[in-house]
**Q** 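Take this structure, written in structure tokens, and hold onto it; I'll ask about it next.
The sequence lines fix the lettering, A, B, ..., with proteins before strands; numbering per chain opens at 1. These numbers come from a predicted model, not from an experiment.
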Amino acid sequence: MKYQAPKGVIEYFPPRSRSFEWVRGTLLSQIKRSGYQLLELPVFEDTELFTRGVGASTDVVSKEMYTFLDRGGRSITLRPEGTVGALRAIIEHGLDRGALPTKVFYSGAFFRAERPQAGRGRQFYSVGVEAVGSDDPALDAEVIAIADAGFKALGLKQFRLEITSLGDAQTRALHRVDLLAFIEGLDLDEATIARAEINPLRLFDDKRKEIRDLMDKAPLLLDYLSEESRQHFEAVQSYLKDLKIEFTINPRMVRGLDYYTGTTFEFVHNLLGAQSGIGGGGRYDGLMEQIGGQPLSGIGFGLGVDRALLAAEAEGVVDSAAFLTDLYLIPLGAQAKTVALSISQELRAHDLTVDIVFGDRSLKSAMKSADKSGARYVVIIGDTELSTGSVDLKQMSTGETTSVTLASLVTTLTTKLLTW
RNA sequence: GUGGGCGUAGCUCAGCUGGUAGAGCACUCGGUUGUGGUCCGAGAUGUCGCGGGUUCGAGCCCCGUCGCUCACCCCA
């Protein structure tokens, strides 16, 4: 019996796992430096949290959740997204009782039982933020700017930011009446009618040209915005312009989660095929109340780490230089190993990346693996070195060696690497 | 969930109209005594995704199944 990973899961292993780590770390560092604090949450929650929060009629809830009964007969669901779980934790622990907005971030695996495809796994990785308790449009701009900065920090260029406003509840109700009337006048096939019944906005992002043409004259939600929503949306746009963040307004953008209101946005990458959304988010007025909290507005985003990595690979911007080993130690003989182990311990305590050749390999093959590891420096420890207490520090890129005492290895190496 | 393509060594793939498996890269060792990236030599590795069927004989044909992939759908 040969075991395989469950269908549709994405696994990261060397050497690509380093790239994954780099992508996630880069996105997270943009978030952390903006004052967001970690929320480490369960990957499963009470099923009802998602049906109420995300919306029972959404595709995500109605046909994509991993739901099961636990041993106590409780209905449990593997989290399909991050926002409602984050808000549940904020409410449960009273994080919204202090100074507002409450700014938190998360990072981890999410689960959706979809048909797998490139960029779409049944377990996928997201990092996200939630800022709860302020309806300041400047906060919308900050949230968008963080995601934008994250993608740019990765070196991505071939993506665009699309934004729109879904307005408030009243806006959507008014628009819905007109949109339904409009759709009723169209000649559509059954499947499309069924989709429209669940969410008429869906027809706006249908990929078929016929439908696109038909929807060309459909009433747009943006034209129904209340004065307040309109001003908020304009303020957001003006902040983004000040920040020199380019965006396009896409009045046909559709979100599959029910909780979105007001400012809504999506980052789309050009080289990813069908699964091109690398991040998205928006405001959610009413969601806090919906799941039992205070009536606070909030805004957040989720960024797809898997897709961001795919995008970075497609653009050829993966930073492989970030993974190099500083020093490779080659011990020759039993006594040398003892010394190598203790030297590595000391160097690592000084934040240096150190690796050792294990096994009794020939010097030649040890040098080969040092070379392949991408080590910047190599030190050989044999009988000579042990008796003199000094080693040759070899710089692999140039082949130059400098003689240093074992005792001063830490300082020598540290200063050399500083100017690397 | 629906439809199309694919599934051969760790990786990329070759394998003609069915006769019982190969290349390149990677890997290990070596090219004399303690120094890598080139070159040369040697070596190891596969139940040809899995299960059935047709056949004297199947990696090549048929069915099923699992998985990957692309599109729909959906979204991160």
**Q** Show the nearest heavy-atom pair for residues L222(A) and P251(A), with the distance to one decimal.
**A**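 In terms of heavy atoms, the two residues are closest at CD1-CB, 3.7 Å.
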**Q** Check whether H175(A) reaches the backbone of T171(A) with its side chain - one donor and one acceptor, N or O, closer than 3.5 Å.
**A**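 Answer holds: no.
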**Q** What about D371(A): does its side chain form a donor-acceptor pair under 3.5 Å with the base of rG37(B)?
**A**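 Check fails, no donor-acceptor contact within cut-off.
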**Q** In residues 335-347 of chain A, which ones come under 4.0 Å of RNA chain B, going by heavy atoms?
**A**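 Within residues 335-347 of chain A, no residue comes under 4.0 Å of RNA chain B.
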**Q** In whole Å, measure the gap between the P atoms of rC62(B) and rG67(B) for me.
**A**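 My reading of the P atoms in rC62(B) and rG67(B) gives 22 Å.
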**Q** Suppose you measure atom P in rC66(B) against the same atom in rC74(B); what distance do you get, rounded to whole Å?
**A**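 Rounded to whole Å, the distance is 25 Å.
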**Q** Mind listing the closest non-hydrogen atom pair of K7(A) and R122(A) along with its distance?
**A**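 Of all heavy-atom pairs spanning K7(A) and R122(A), the closest is O-CD, 3.3 Å.
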**Q** Nearest-Å distance, CZ (F13(A)) to C1' (rG10(B))?
**A**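 Checked: the CZ to C1' distance equals 10 Å.
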**Q** Measure the shortest side-chain to side-chain distance between L310(A) and H269(A) over non-hydrogen atoms and say whether it is less than 4.5 angstrom.
**A**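 With C-beta onward as the side chain, the pair stays apart.
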**Q** Expected output check: what is the dot-bracket annotation of RNA chain B, where ( ) and [ ] are pairs inside the strand (brackets for crossing ones), | is paired with another strand, and pairs are Watson-Crick or G-U under 3.5 Å?
**A** (((((((..((((........)))).(((((.......))))).....(((((.......))))))))))))....
**Q** Tell me, for nucleotides 29-34 of chain B in 5' to 3' order, what letter each nucleotide earns: B for a base near a protein heavy atom under 4.0 Å, S for only sugar-phosphate near one, - for neither?
**A** SSB--B
**Q** Is the backbone N or O of D206(A) less than 3.5 Å from a side-chain atom of R212(A), with the two atoms forming a donor-acceptor pair by type?
**A**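 Yes, R212(A) side chain to D206(A) backbone: donor-acceptor pair under 3.5 Å.
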**Q** Check the pair R120(A), E114(A) against salt bridge (Lys or Arg N to Asp or Glu O under 4.0 Å), reporting the backbone distance first and the verdict last.
**A** CA-CA 8 Å; R120(A) 184 168 82 182; E114(A) 298 182 272; 3.6 Å; yes
**Q** If the sugar-phosphate is the primed atoms plus P, OP1 and OP2 and the base is the rest, what is the B/S/- string for nucleotides 66-76 of chain B, using protein heavy atoms under 4.0 Å?
**A** SSS-SBBBBBB
**Q** Could you pull out the closest heavy-atom pair between I291(A) and L49(A), with the gap in Å?
**A**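 Smallest heavy-atom distance, with atoms named: CG2-CD1, 4.0 Å.
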**Q** Using atom P in both nucleotides, what's the gap between rG59(B) and rU47(B) to the nearest angstrom?
**A**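 Going atom to atom, P in each nucleotide, I get 13 Å.
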**Q** Determine whether Y125(A) and F110(A) satisfy the following criterion, ring pair (Phe, Tyr, Trp, His ring centres under 6.0 Å), listing intermediate values before the conclusion.
**A** CA-CA 6 Å; Y125(A) 295 86; F110(A) 296 86; 8.6 Å; no
**Q** Return the minimal non-hydrogen interatomic distance between A308(A) and L154(A), and the atom names on each side.
**A**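 Scanning both residues completely, I find the closest heavy atoms to be CB-CD1, 4.1 Å.
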**Q** Could you tell me which non-hydrogen atom of V318(A) sits nearest to which non-hydrogen atom of S19(A), and how far apart they are?
**A**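 The answer is CG1-OG, 3.5 Å.
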**Q** Would R252(A) and F204(A) count as a cation-pi pair here, with the cationic atom under 6.0 angstrom from the ring centre and within 45° of the axis?
**A**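 No, R252(A) does not lie over the aromatic ring of F204(A).
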**Q** For atom P, what is the distance between rC11(B) and rG5(B), given to the nearest Å?
**A**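 After rounding to an integer number of Å, I get 25 Å for this pair.
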**Q** If you take all heavy atoms of M396(A) and V378(A), which pair is closest and at what distance?
**A**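 The pair with the smallest heavy-atom distance is SD-CG2, 3.6 Å.
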**Q** Say you pick atom C1' in rA23(B) and the same atom in rC70(B); how far apart are they, in whole Å?
**A**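 Each nucleotide's C1' atom is 29 Å from the other's.
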**Q** Taking the P atom of each, how far is rG49(B) from rG10(B), in whole Å?
**A**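 Those two atoms are separated by 13 Å.
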**Q** Contacts to RNA chain B from residues 139-154 of chain A, heavy-atom cutoff under 4.0 Å, which residues?
**A**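 Residues of residues 139-154 of chain A that come under 4.0 Å of RNA chain B do not exist, since none gets that close.
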**Q** To the nearest 0.5 angstrom, please state how far the CG atom of L352(A) sits from the CG atom of D326(A).
**A**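 Going from CG on L352(A) over to CG on D326(A), the span is 5.0 Å.
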**Q** With rounding to the closest Å, how many angstrom separate the P atoms on rU20(B) and rC48(B)?
**A**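 It works out to 16 Å between them.
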**Q** Between R255(A) and Y260(A) (side chain of the first, backbone of the second, donor and acceptor by atom type, cut-off under 3.5 Å), is there such a pair?
**A**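 Looks like no, no N/O pair under 3.5 Å.
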**Q** What residues, two or more places apart in sequence or in another chain, satisfy side chain to side chain donor-acceptor pair (under 3.5 Å) together with Y259(A)?
**A**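 Listed in chain order: E81(A), T83(A).
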**Q** Could you go through Y36(A) and F105(A), starting from their C-alpha distance and side-chain angles, then the distance that decides it, and tell me whether this counts as ring pair (Phe, Tyr, Trp, His ring centres under 6.0 Å)?
**A** CA-CA 6 Å; Y36(A) 289 73; F105(A) 75 91; 7.8 Å; no
**Q** With rounding to whole Å, what would you report as the distance between rA44(B) and rU28(B) at their C1' atoms?
**A**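 Roughly 7 Å separates the two C1' atoms.
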